[in-house]
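Chain identifiers are assigned alphabetically (A, B, ...) following the order of the sequence lines, protein sequences preceding nucleic acid strands; residue numbering begins at 1 within each chain.
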Protein chains: 2
Amino acid sequence: MPDAPTAALDLVLELTVLLGEDMRRGLGELGLTETKAHLVFAVQHAGPSTQRVLADMLGVTPRTVTTLVDELGAAGVVTRESHPTDRRATLVTLTEDGAALGAGLVAGQRELAGRLFAGLDEDLPAFTRVLGEVVARLRALTEESA
Amino acid sequence: MPDAPTAALDLVLELTVLLGEDMRRGLGELGLTETKAHLVFAVQHAGPSTQRVLADMLGVTPRTVTTLVDELGAAGVVTRESHPTDRRATLVTLTEDGAALGAGLVAGQRELAGRLFAGLDEDLPAFTRVLGEVVARLRALTEESA
DNA sequence: GCATATCGTGAGTCTACTTCACTATGAACT
DNA sequence: AGTTCATAGTGAAGTAGACTCACGATATGC
């Protein structure tokens, strides 16, 4: 019989697997990978950004962003605009379609959240408290070993 | 301002990222990938198993298990034993080192769980309730679209 | 005893990333 | 001004971890 923390962690682990599958499936139907979706989110949130900045936000190398932007550009989701003051850099911006796509992603996520947590209002605050604390501890852990 | 379910899902998403990083880092130090660790867990839990069964448990193709077992064999973690009744099949079994490795993984996981959830006893039952329900719903979702 | 299914593996491919080298440009310092 | 050093993005090539396909060896059902 596992102790309560171990049982909780096991559930979390299972959740990550299921959630990952679900997201990949949903994104796949839109022709997106997780990283491409992440890039769309990033541009949506931060506005037009250089590829260097996007690389840092996504946690990938600049070279990877080049490819991502190439492919998202071919799909009509983003465009490369010239940077107003730095001629080395390009500003990645969302097209109209890209903005709609991003809005759709956010809406889909919100809808999934509603479906997953519906009717659990009573326990939800405690859930969120624990989750916040765990995330904070985990972040501290990973930073201390960086 | 996001609604509570959306905030909770965002936290979950962040947790999956951080937890994944942490696990990969820790496993990497032991020369393991996530899938190899999963295989060790599977054999530890189910006892000596055919590669076909392991493929199903890991959710990968049999071909992938061949490579996994090759490499774990080279590392001295598992061995291939002949199946007593089916001469096509091989039984993947843990070596003594492999069993120790598996036990270490379990211990490490338990220790991490303790560290992450320490002092949150009051909210932990609610947390686990929500998590269990969410996992169940997610599983239902993925199965209905299979 | 023969047709058909299953186990594991060689050969080759794919995807999402990486590193390295390079050009073009910017910034800082005499 | 010019020289030096750092930075933005990209071509070329490599890597890790999966996959498909085809095949030999064995098992199973009729």
Side-chain angles (χ1 to χ4, degrees), chain A residues 17 20-21 23-25 27-43 46 48-75 77-93, chain B residues 16-17 20-21 23-43 46 48-75 77-93:
Chain A
V17 172
E21 280 174 13
M23 293 204 50
R24 263 180 290 270
R25 194 176 48 73
L27 292 175
E29 288 171 5
L30 296 170
L32 289 178
T33 63
E34 266 175 299
T35 310
K36 284 182 192 173
H38 195 166
L39 192 150
V40 171
F41 275 129
V43 176
S49 312
T50 67
Q51 298 188 184
R52 186 63 177 85
V53 165
L54 290 173
D56 289 341
M57 290 200 279
L58 304 195
V60 298
T61 61
R63 187 60 185 84
T64 299
V65 174
T66 297
T67 304
L68 257 25
V69 173
D70 284 350
E71 294 175 356
L72 286 172
V77 176
V78 302
T79 58
R80 275 185 248 251
E81 307 292 336
S82 54
H83 191 288
T85 69
D86 187 340
R87 291 200 302 172
R88 293 169 305 178
T90 66
L91 283 180
V92 179
T93 66
Chain B
T16 67
V17 172
E21 280 174 13
M23 293 203 52
R24 263 180 288 271
R25 193 177 49 72
L27 292 175
E29 288 171 6
L30 296 169
L32 288 177
T33 62
E34 268 175 296
T35 312
K36 284 182 192 173
H38 196 167
L39 192 151
V40 171
F41 275 128
V43 177
S49 312
T50 67
Q51 298 187 185
R52 187 65 178 84
V53 165
L54 289 173
D56 288 342
M57 290 200 280
L58 304 196
V60 298
T61 61
R63 186 60 186 84
T64 298
V65 174
T66 297
T67 304
L68 256 25
V69 172
D70 284 349
E71 294 176 356
L72 287 172
V77 175
V78 302
T79 58
R80 274 186 246 251
E81 308 292 336
S82 55
H83 192 288
T85 68
D86 187 339
R87 292 200 301 171
R88 293 169 305 176
T90 66
L91 282 180
V92 179
T93 66

Contact summary for Ala89(A) and His83(A), nearest pair of heavy atoms | O-CB, 3.4 Å

Pairwise 5' ranking along DNA chain D for Thr90(A) and Pro62(B), keeping only the more 5' one | Thr90(A)

Give Thr35(A) one of three labels, base, sugar-phosphate or nothing, depending on what nucleic acid heavy atoms sit under 4.0 Å from its own.
-> sugar-phosphate

Return the value, rounded to whole Å, for the distance between atom CG of Leu68(A) and atom P of dT15(C).
-> 14 Å

note: Arg52(B), atom CZ; dT9(C), atom P; distance rounded to Å ~ 13 Å

Run the numbers on Arg25(A) and Glu21(A) for salt bridge (charged side-chain N to carboxylate O under 4.0 Å, His left out), then give the verdict.
-> CA-CA 6 Å; Arg25(A) 194 176 48 73; Glu21(A) 280 174 13; over 6 Å; no

Side-chain donor-acceptor pair under 3.5 Å between Thr61(B) and Thr64(B), yes or no?
-> yes

Quick one: which of dC7(C), dG9(D), dT20(D) gets closest to the side chain of Arg88(B)?
-> dC7(C)

Output yes when at least one side-chain N/O atom of Thr64(B) is less than 4.0 Å from OP1 or OP2 of dA18(D), else no.
-> no

Under 4.0 Å between a side-chain N/O of Arg24(B) and OP1 or OP2 of dA16(D), yes or no?
-> no

Check if the side chain of Arg63(A) and the base of dG11(D) share a donor-acceptor pair of N or O atoms closer than 3.5 Å.
-> yes

Quick one: is dC19(D) close enough that its OP1 or OP2 comes under 4.0 Å of any side-chain N or O from Thr61(B)?
-> yes

Pick from His38(B), Glu34(B), Lys36(B): which one makes a side-chain contact (heavy atoms from CB on, under 4.5 Å) with Leu58(B)?
-> His38(B)

Can you check the Arg87(B) CZ to dG24(D) P distance for me, whole Å?
-> 18 Å

Side-chain atoms of Gln51(B) come closest, of dG8(C), dG9(D), dG17(D), to dG8(C)

Considering only heavy atoms from C-beta outward, does the side chain of Pro62(A) approach that of Gln51(A) to under 4.5 Å?
-> no

Lys36(A) NZ to dT15(C) P: how many Å, rounded?
-> 10 Å

Take the protein atom CG of Asp56(B) and the nucleotide atom P of dT6(C), then report the distance between them rounded to whole Å.
-> 12 Å

Report the distance from atom CD of Glu71(A) to atom C1' of dC14(C), rounded to the nearest whole Å.
-> 13 Å

Quick one: on DNA chain D, does Leu91(A) or Thr85(B) contact a more 5' nucleotide (nearest heavy atom)?
-> Leu91(A)

Ignoring backbone atoms, test whether Thr67(A) places a side-chain nitrogen or oxygen under 4.0 Å from the OP1 or OP2 oxygen of dT10(D).
-> no

Take the protein atom CG of Leu72(A) and the nucleotide atom P of dG9(D), then report the distance between them rounded to whole Å.
-> 15 Å

Roughly, in whole Å, what's the span from CG in Asp70(B) to P in dA11(C)?
-> 13 Å

Picking from dA8(D), dA27(D), dC19(D), the nucleotide nearest the side-chain atoms of Val60(B) would be dC19(D)

Taking OP1 and OP2 of dT9(C), is either one under 4.0 Å from a side-chain nitrogen or oxygen of Arg80(B)?
-> yes

